[in-house]
Novice: 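To start, I am sharing the structure in question, which I have written as structure tokens.
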Amino acid sequence: MHRMPSPTLSSSPAPAPALRRAATTWFVVASLGQWAFVLFILGFYGRHVLSGDLGGLNAKPHITGYVPGDALGNLQWLGHVFLGGAATFAGIVQLLPAVRRRWPAIHRWTGRVFLIAALVATFSGFYLTWIRGSQLNLASAVSTSLNGLLILVFCVLAWRSARLRDIPRHRQHALRAYLLVNGVWFLRIGIVPAGAVMNALGHRLDYDSAVFLGISYLSWIAPLACLELYLAAERSPRVGLQRGVALLFHLLAILTAIGVAGAAMFMWWPVL
Ligand code: HEM
């Protein structure tokens, strides 16, 4: 049987210890935040769906949300949310070196779950945005759709390089796919602190504002750029570059912790 190799931040080429430690620190913080997002999906969406209280899903704000009578739209929406949650969950598991080493079969299955859930969630995201019309505005709909297109590209590339057993390339594409699938999570951990700063300055974070649109595009561009920097530092013999990128990842871990705390306290916990 084909074995799906691991897309971990710590496989070959062996990164400098400082670089590896910094990436691990960021991943530990990020994965705790992604667990919190998955728990929100299960606790809020799962609870209402299991109790049959679909109207109760509109207790929190959505772009469109539950619409009585729109069976297809509601199905696409709920399928999107649960498959998105499954892809987020599987993405975390794929990056855990201990799971890969001790339970390779689980690792292979979560790889498949990740790819299928990410692909189907992306297609249902396109449906919600462009057919159901769930858009905050055109610019943010384009941003999410570009994120979605890149998810499709890197999932296919990750799958193809795994089939060809091109492990170094597979690892890079799978890491890109993991970060892109988490674009929706990066957006949420970005807008809560940004909203707090805007409030402190006496403004509201408007969905049409440059700040919101900037965060929307950065939610998938910035993680990809940071990964490319990490991969370049890993390949480079320059100790200065490795130290600089290690420092950057420690700073990102702190920013991620602030964003996760904000999103968990003000967005996810209150509706559970
Ligand atoms: C595969 C990665 C993705 C994941 C994990 C994901 C996850 C989610 C989750 C959990 C929600 C509900 C959020 C909440 O209640 O706070 C959501 C909503 C939404 N997603 Fe995604 N999503 C992904 C990709 C996409 C893409 C690529 C698009 C568009 C092309 C998209 C369009 C939407 C829309 C329009 C909504 C809001 C629906 C509404 O409020 O009525 N998603 N997504």
Side-chain angles (χ1 to χ4, degrees), residues 30 33-49 54-68 70 72-92 94 113-156 158 174 176-192 195 207 216-217 219-221 223-224 259-260 262-264 266-272:
Q34 287 155 9
W35 281 118
F37 188 47
V38 172
L39 286 180
F40 150 73
I41 293 171
L42 292 176
F44 177 74
Y45 287 93
R47 177 167 52 90
H48 284 287
V49 169
L54 296 186
L57 286 166
N58 288 344
K60 83 175 256 312
H62 304 285
I63 304 181
T64 305
Y66 174 69
V67 178
D70 179 14
L72 180 60
N74 293 331
L75 187 69
Q76 292 276 358
W77 174 55
L78 290 175
H80 177 80
V81 170
F82 288 118
L83 285 171
T88 306
F89 168 80
I92 307 168
Q94 283 306 88
V113 169
F114 175 83
L115 287 177
I116 293 168
L119 292 177
V120 181
T122 300
F123 282 116
S124 57
F126 287 142
Y127 176 92
L128 294 175
T129 307
W130 299 107
I131 297 177
R132 199 183 203 205
S134 303
Q135 299 184 7
L136 290 169
N137 51 53
L138 184 62
S140 75
V142 169
S143 169
T144 328
S145 300
L146 290 173
N147 184 353
L149 281 177
L150 288 175
I151 290 174
L152 300 182
V153 168
F154 286 112
C155 279
V156 170
R176 290 176 187 123
Y178 159 77
L179 292 176
L180 287 160
V181 160
N182 279 294
V184 54
W185 173 82
F186 281 114
L187 176 65
R188 278 152 182 77
I189 67 163
I191 53 176
V192 174
Y207 287 130
S216 178
Y217 280 83
S219 67
W220 52 274
I221 294 173
L224 280 188
V260 165
F266 297 107
M267 208 184 254
W268 301 328
W269 180 254
V271 298
L272 286 183

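Predicted model only: the values in this text are computed from it and were never measured. Counting starts at 1 for both ligands and their atoms, in listed order.
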Novice: Closer than 3.5 angstrom, by distance alone: can the side chain of N182 be matched with the main-chain N or O of Y178 as a donor-acceptor pair?
Specialist: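 It does hold such a pair.
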Novice: Would a 4.5 Å heavy-atom cut-off, applied to side chains only, mark I221 and F186 as touching?
Specialist: no
Novice: Quick test: of every protein heavy atom, which one is nearest to atom 4 (C) of ligand 1, and how far off is it to 0.1 Å?
Specialist: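 Its nearest protein heavy-atom neighbour is V184 CG1, 3.4 Å.
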Novice: With a 4.5 Å heavy-atom cut-off, do L39 and W269 have their side chains touching?
Specialist: no
Novice: Considering heavy atoms of the protein only, find what lies nearest to atom 26 (C) of ligand 1 and give residue, atom and distance to 0.1 Å.
Specialist: T144 CG2, 3.9 Å
Novice: What's the shortest distance from atom 13 (C) of ligand 1 to any protein heavy atom, and which residue and atom give it?
Specialist: R188 NH2, 3.3 Å
Novice: Can you see which heavy atom on H80 is nearest to which on S124, and at what distance?
Specialist: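 Shortest heavy-atom separation between H80 and S124 comes out as ND1-OG, 3.1 Å.
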Novice: If you take all heavy atoms of C155 and F114, which pair is closest and at what distance?
Specialist: SG-CE2, 4.4 Å
Novice: For atom 32 (C) of ligand 1, which candidate among V67, V38, T129 provides the closest heavy atom?
Specialist: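 Nearest heavy atom to atom 32 (C) of ligand 1 lies in T129.
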Novice: Within the 4.5 Å heavy-atom criterion, are L78 and L54 side-chain neighbours or not?
Specialist: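 Yes, at least one pair of side-chain atoms sits under 4.5 Å.
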Novice: List every atom of ligand 1 that sits less than 4.0 Å from any heavy atom of G148, numbering the atoms from 1 in the order shown and giving each element.
Specialist: 27 (C)
Novice: What protein heavy atom sits nearest atom 30 (C) of ligand 1, and how far off is it?
Specialist: F126 CD2, 3.4 Å
Novice: How close do S145 and F126 get, heavy atom to heavy atom, and via which atoms?
Specialist: O-CE2, 3.7 Å
Novice: Do S134 and W77 get their side chains close enough for a donor-acceptor pair, meaning under 3.5 Å?
Specialist: no
Novice: Does R132 form a side chain to side chain contact (heavy atoms under 4.5 Å, CB included) with N74? I'd like the steps, not just the answer.
Specialist: CA-CA 10 Å; R132 199 183 203 205; N74 293 331; 2.9 Å; yes
Novice: Donor-acceptor pair, H62 side chain versus L57 backbone, under 3.5 Å?
Specialist: yes
Novice: So which heavy atom in the protein is nearest atom 11 (C) of ligand 1, and how far is it from that ligand atom?
Specialist: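 Here the nearest protein heavy atom works out to V81 CG2, 3.9 Å.
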Novice: So which atom in V184 and which in N147 form the shortest heavy-atom distance, rounded to 0.1 Å?
Specialist: N-ND2, 4.5 Å
Novice: Does S145 come within less than 4.0 Å of ligand 1, judged by its heavy atoms?
Specialist: yes
Novice: How far is atom 34 (C) of ligand 1 from its nearest protein heavy atom, and which residue and atom is that?
Specialist: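 Ranked first by proximity to atom 34 (C) of ligand 1 is L128 CD1, 4.2 Å.
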Novice: Under 4.0 Å from ligand 1, counting heavy atoms only, is it the side chain of F44, its backbone, both or neither?
Specialist: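 Contact part for F44 vs ligand 1: neither.
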Novice: Between I151 and ligand 1, which part of the residue brings a heavy atom under 4.0 Å of the ligand: side chain, backbone, both or neither?
Specialist: side chain
Novice: For ligand 1, which is the ligand I care about here, please tell me if T88 has any N or O atom under 3.5 Å from one of the ligand's N or O atoms.
Specialist: no
Novice: Counting from 1, what ligand 1 atoms have a heavy atom of F37 closer than 4.0 Å?
Specialist: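 Counting from 1, the qualifying ligand atoms are 10 (C).
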Novice: Return the residue, atom name and 0.1 Å-rounded distance of the protein heavy atom closest to atom 12 (C) of ligand 1.
Specialist: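 Closest protein heavy atom to atom 12 (C) of ligand 1: Y45 OH, 3.5 Å.
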Novice: Would you check the N or O atoms of G65, main chain and side chain alike, for any that come under 3.5 Å of an N or O of ligand 1?
Specialist: yes
Novice: Report, in ascending order of atom number, the atoms of ligand 1 lying under 4.0 Å from any heavy atom of W77.
Specialist: 38 (C), 39 (C), 41 (O)
Novice: Side chain or backbone, does T64 bring an N or O within less than 3.5 Å of an N or O on ligand 1?
Specialist: yes
Novice: Anything under 30° is parallel, anything over 60° is perpendicular, the rest tilted; go ahead and classify F37 against W268.
Specialist: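 Ring orientation, 0 to 90° scale: tilted.
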Novice: With a 3.5 Å cut-off and no angle check, do the side chains of W220 and S143 form a donor-acceptor pair?
Specialist: yes
Novice: Taking the side chain as every heavy atom from C-beta outward, state whether L146 and V142 have any pair of such atoms under 4.5 Å apart.
Specialist: yes
Novice: Considering both backbone and side-chain atoms of I63, is one of its nitrogen or oxygen atoms within less than 3.5 Å of a nitrogen or oxygen in ligand 1?
Specialist: yes
Novice: With respect to H80, determine whether any N or O atom, backbone or side chain, lies less than 3.5 Å from an N or O atom of ligand 1.
Specialist: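 H80 vs ligand 1: N/O contact under 3.5 Å present.
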Novice: Is F40 close to R188 at the side-chain level, that is, under 4.5 Å between some pair of heavy atoms?
Specialist: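 R188 does not reach F40 side chain to side chain.
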Novice: Please state which part of I41 comes within less than 4.0 Å of ligand 1, counting heavy atoms only: side chain, backbone, both or neither.
Specialist: side chain
Novice: Could you check whether any heavy atom of M267 sits closer than 4.0 Å to an atom of ligand 1, since that is the contact criterion I want to use?
Specialist: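 Distance cut 4.0 Å: M267 fails for ligand 1.
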Novice: Just to be sure I'm reading this right: ignoring hydrogens, which of G91, G84, S124, S134 gets closest to atom 35 (C) of ligand 1? Compare them by their nearest heavy atoms.
Specialist: S134
Novice: Could you tell me whether K60 and ligand 1 have an N or O pair separated by under 3.5 Å?
Specialist: yes
Novice: Could you identify the single nearest non-hydrogen protein atom to atom 2 (C) of ligand 1 and state the distance to 0.1 Å?
Specialist: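 Looking only at protein heavy atoms, the one closest to atom 2 (C) of ligand 1 is V181 O, 3.6 Å.
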Novice: Do any heavy atoms of W185 fall under 4.0 Å from ligand 1?
Specialist: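 W185 does not count as a contact of ligand 1 under the 4.0 Å cut-off.
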